[in-house]
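Naming convention: chains lettered A, B, ... in sequence-line order (proteins, then strands); numbering from 1 in each chain. The figures here come from the full heavy-atom set of this structure, side chains too, leaving out hydrogens, waters and symmetry mates.
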Protein chains: 2
Amino acid sequence: MSGPVAARGDDAVESPRRAALTLDRILATAIALADETGYDALSMRPLAERLDVVPMALYKHVRNRDELVDRMVDAVLASISPDVEPGTHWKAAARRRVLAARGVMLRHPWMWRAIETRTSPSPVVLDQQEAMIRTLREGGLSVALVHHAMHALGSRLWGFTQEVYASAPPPTDPQALAAAAAMLAQRWPYVLESAASVMHDSDSIVGPGCDDETEFEFALDLILDGIERLHETGWSPSR
Amino acid sequence: MSGPVAARGDDAVESPRRAALTLDRILATAIALADETGYDALSMRPLAERLDVVPMALYKHVRNRDELVDRMVDAVLASISPDVEPGTHWKAAARRRVLAARGVMLRHPWMWRAIETRTSPSPVVLDQQEAMIRTLREGGLSVALVHHAMHALGSRLWGFTQEVYASAPPPTDPQALAAAAAMLAQRWPYVLESAASVMHDSDSIVGPGCDDETEFEFALDLILDGIERLHETGWSPSR
DNA sequence: ACCTGAACACCGTTCAAGT
DNA sequence: ACCTGAACACCGTTCAAGT
């Protein structure tokens, strides 16, 4: 599998023989590094150090940093594999697909930063799009409606959204919370009312700018229901 | 207004007296620089050079680069000012607000990159949120529904969305287009069908990862219509 | 022919030396 | 006291020197 000198010796405390540098190993290490230290901390030199190679060795396997990130994104996107039983209604199937993507994104919070810099669609991206479009088309939706639906889903297809609300969690200290509320009350009473109405548990937050599970599913269902409604009422493009 | 030595001399070919360095002048120049060269090219040294000052002079007015970007974002967001006549229906008013934001974003394509790194909500951000929440609340929507609506709108409140489709425009050369279509046809027939069904003019594109006017408004109306429907049918939180 | 260390052209930011 | 140039610790990437 790896190089000719690999053999065993995996459990040695300090093996003098390091595993052969492959693209797979680079990507796995880079993804782990990004998971641990965040997207901003991902750079060529620390990555090379963790792989126990000289930085330039990476350039044998990727052209540059952008390509590295693209391949990392592809590797993660490829791991999205919802099992949708044949015959499932298109709306349920679409929902399952999106929530499967979201599950993967929750494990890799840097993805929403990395995916946005992508320029052209890779085969992996096209595969995911193809699967969703086919789901909707085989559900009977028109070509035009499916096209709009894909745009309306936007990044939700990949399991994340960009948020309007600040990502900073509310202060846990009751006194600090009261002070913050008092400041809001003067100039932003409606924001305060809205913020106070719901106390989300912040466990399921993907990352800065991304929302929690309840809100994600609410918006997802809102879009899918809207598409279904247009489909059932025989919507067709106005132009 | 500016420094005590400003006076006239503005039309001199090379005035030895440069205008006083103020935060406003830094932000205006930084925004213009980002508009022209893109978000990635915005850095302290070129910005200082354009302002004809030494890089360190910037640090008298902003703590660091993050604060500079935050203030740039604030300056642009503050320029969003939809004129909504009193008595306008909440849905039309919300639509006007979002499309006003979008108009500003089209002039500053780097905004969607800059806004996402923001950590805590500034007064300007709170002002915009307050205005939208008030619009919806005064329209009669419940606190809980408004909260969900704000999350469902997500970054659309700021006039942009993240896209699923590749930003790369289709090849203009007919021969290259045919070749691309042939490649898609084999493995991604539904993607091809969907892509071929609509030929967007790419004039109104905000930036990589952002959609065009038609798709933006379709999704916006889908969300607003969905919210209206929930409101009219007396939706209330299930938990 | 292959690998790699030094070097290049950047970056944000610190800090001490200069006026 | 104020301003600023050099310097520090990075970054991605090039390239020539070494084996």
For DNA chain C, what string of dots and brackets results from 5' to 3' when Watson-Crick and G-U pairs need both distances under 3.5 Å, crossing pairs get [ ], and pairs with another strand get |? ||.|||||...|||||.||

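- More than 12 heavy-atom neighbours from other residues, nucleotides or ligands sit within 6.0 angstrom of CD on B:Glu36.
- In terms of the salt bridge (charged side-chain N to carboxylate O under 4.0 Å, His left out) criterion, B:Glu49 has no residue partners (sequence neighbours excluded).
- For residues 54-65 of chain A, the pairs satisfying side-chain hydrogen bond (donor to acceptor under 3.5 Å, both in side chains) are A:Arg63-A:Glu67, with sequence neighbours left out.
- Shown for residues 58-76 of chain A: residues whose heavy atoms fall under 4.0 angstrom of DNA chain D, namely A:Tyr59, A:Asn64, A:Arg65.
- The list of salt bridge (charged side-chain N to carboxylate O under 4.0 Å, His left out) pairs with a residue in residues 184-196 of chain A, not counting sequence neighbours, reads A:Arg187-B:Asp127, A:Glu193-B:Arg137.
- Nucleotides D:dG12 and C:dT14 place their C1' atoms 23 Å apart, quoted to the nearest Å.
- Residue B:Leu192 holds its CG atom at 11.0 Å from CE of B:Met183, rounded to the nearest 0.5 Å.
- A:Leu23 contributes atom CG, which lies 8.5 Å from atom CG of A:Leu68 (distance to the nearest 0.5 angstrom).
- Note on B:Met56: a base of the nucleic acid sits closer than 4.0 angstrom, heavy atoms only.
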Atom pairs under 3.5 Å: protein N/O with N/O of nucleotides 17-19 of chain D:
none

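- In this structure the side chain of B:Thr214 never reaches within 4.5 angstrom of the side chain of A:His151, judged on heavy atoms.
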